Amino acid sequence: MTTENPQDLLKLAVEVAEEAARLIVERRRGTITVADTKSTVTDVVTAVDRESEELIRARILQARPDDSFLGEEGDDVAGSSGVRWVVDPIDGTVNYLYDLPTYAVSIAVEYDGTTVAGVVVDAPKGEVFTATKGGGAFVDGKPIRVSGCTDLSTALVGTGFGYDADRRQVQAEVVQHLITKVRDIRRIGVGALDLCYVACGRLDAVYERGLNPWDYGAGALIAAEAGGTIGGLYGAPVSPEMSIAASPALFGPFHDLLAEANPLRA
């Protein structure tokens with residue numbers, strides 16, 4: 001196990017994430033414009049995404065100059081300590097652009113490739129979801145647990161959609177396959193919060209293809225530490241190919257239902 005103290009890493013992560021959350025909320029009071037696009041013209045980056053990531057990188061590397069840093073928007077930083085910070089400076093950028101009040105800052109901390117601490121701050125609400133490996137999951141310091149739902153027909157399921165048109169077509173077909181077999185489906189637009197919502201029982205399950213490590217790094221740890229089962233399809237780990245989180249009794253049946261829809265064909 002790490003010679004680093006996960007609680008110390010989490011303390012720094014929370015301090016920095018909360019500062020970044022305050023920044024992006026303050027900036028949202030002004031005019032937000034698109035600074036760039038990524039995979040498609042609808043996959044946007046704002047100047048505030050970059051400002052938030054620069055703040056996070058500066059604070060972390062000032063405190064821990066030997067660590068590595070992986071952010072969504074900027075250049076990676078290689079370090080020598082074995083610790084890597086995996087950061088999404090605004091998860092839910094399209095919500096942010098449209099002033100839909102659901103977006104988050106996500107920071108995961110890895111040691112030798114294993115996530116040992118994570119924080120997701122719901123910036124408009126101010127909720128702070130945290131976890132350390134083996135230490136449980138919390139929202140605003142209070143312990144949280146997954147819902148315990150065991151019946152697919154009563155499961156509230158979250159998902160998200162990619163930006164590529166061909167992938168979206170397949171994702172729409174997957175939803176069509178699921179929609180009559182579960183309670184309902186929610187599309188919140190923030191992958192990190194989807195996972196946190198499974199952790200605290202606001203969703204019973206979540207799945208998405210196309211999430212990146214900065215999207216699921218902290219949220220997956222939080223969901224797992226809240227008692228959830230996390231994985232991909234067919235025994236694979238969570239990855240950009242597929243991320244699934246659910247209460248333990250629901251994971252198997254939900255996985256099989258999702259696999260029937262063949263969501264990896266695009």
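It should be emphasised that the depicted structure is a prediction, and the values quoted were computed from it without experimental measurement.
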Within a strict 4.5 Å, meaning less than it, do heavy atoms of the [X] and [Y] side chains meet?
{"X": "Leu10", "Y": "Thr130", "answer": "yes"}
{"X": "Leu178", "Y": "Lys181", "answer": "no"}
{"X": "Val182", "Y": "Ser153", "answer": "no"}
{"X": "Thr159", "Y": "Val206", "answer": "no"}
{"X": "Val87", "Y": "Trp214", "answer": "no"}
{"X": "Tyr234", "Y": "His255", "answer": "yes"}
{"X": "Pro263", "Y": "Gln171", "answer": "no"}
{"X": "Ile56", "Y": "Ile107", "answer": "yes"}

Quiz item: Can you check side-chain hydrogen bond (donor to acceptor under 3.5 Å, both in side chains) on Ser106 and Asp91, steps first, answer last?
Solution: CA-CA 7 Å; Ser106 175; Asp91 191 13; over 6 Å; no
Electrostatic pair [X]-[Y], nearest N-O below 4.0 angstrom:
{"X": "Glu53", "Y": "Arg59", "value": "no"}
{"X": "Arg186", "Y": "Asp184", "value": "yes"}
{"X": "Lys133", "Y": "Glu225", "value": "no"}
{"X": "Glu54", "Y": "Arg50", "value": "no"}

Practice problem: Can you see which heavy atom on Gly92 is nearest to which on Val190, and at what distance? | Solution: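 In this case the closest contact between Gly92 and Val190 is CA-CG2, 4.0 Å.
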Quiz item: Which pair of heavy atoms, one from Ala261 and one from His177, lies closest together, and at what distance?
Solution: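 Reported closest heavy-atom pair: CB-CD2, 3.7 Å.
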Exercise. Would you please test Glu19 and Val16 for side-chain contact (heavy atoms from CB on, under 4.5 Å) and show each step?
Key: CA-CA 5 Å; Glu19 183 179 358; Val16 175; 5.6 Å; no
Self-check item: Qualifying residue, where the test is side-chain contact (heavy atoms from CB on, under 4.5 Å) with Tyr103 and the options are Leu97, Val25, Val121, Val94
Solution: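 Option passing the side-chain contact (heavy atoms from CB on, under 4.5 Å) with Tyr103: Val25.
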Exercise. Establish, from distance only, whether the side-chain atoms of Thr154 and Asp151 form a donor-acceptor pair under 3.5 Å.
Key: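 There is no such pair between these side chains.
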Practice problem: Give a yes-or-no answer on whether the side chains of Thr102 and Asn95 include a donor-acceptor pair shorter than 3.5 Å. | Solution: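 Judged by distance alone, the side chains do not pair up.
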Quiz item: If you count the non-hydrogen atoms of other residues, nucleotides and ligands that lie under 6.0 Å from NZ in Lys11, is the total more than 12?
Solution: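 No, NZ of Lys11 has 12 or fewer neighbouring heavy atoms, counting only those of other groups under 6.0 Å.
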Self-check item: Residues which pass salt bridge (Lys or Arg N to Asp or Glu O under 4.0 Å) with Arg64, listed by chain and number, not counting sequence neighbours
Solution: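 For Arg64, the residues satisfying salt bridge (Lys or Arg N to Asp or Glu O under 4.0 Å) (neighbours in sequence not counted) are Glu4, Asp67.
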Practice problem: Output the distance between atom CZ (Arg28) and atom CD (Glu26), rounded to the nearest 0.5 Å. | Solution: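 If we round to the nearest 0.5 Å, Arg28:CZ and Glu26:CD are 12.0 Å apart.
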Quiz prompt | Quiz item: cation-pi between Arg84 and Tyr111, 6.0 Å / 45° | solution =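 Verdict for Tyr111: no cation-pi partner in Arg84.
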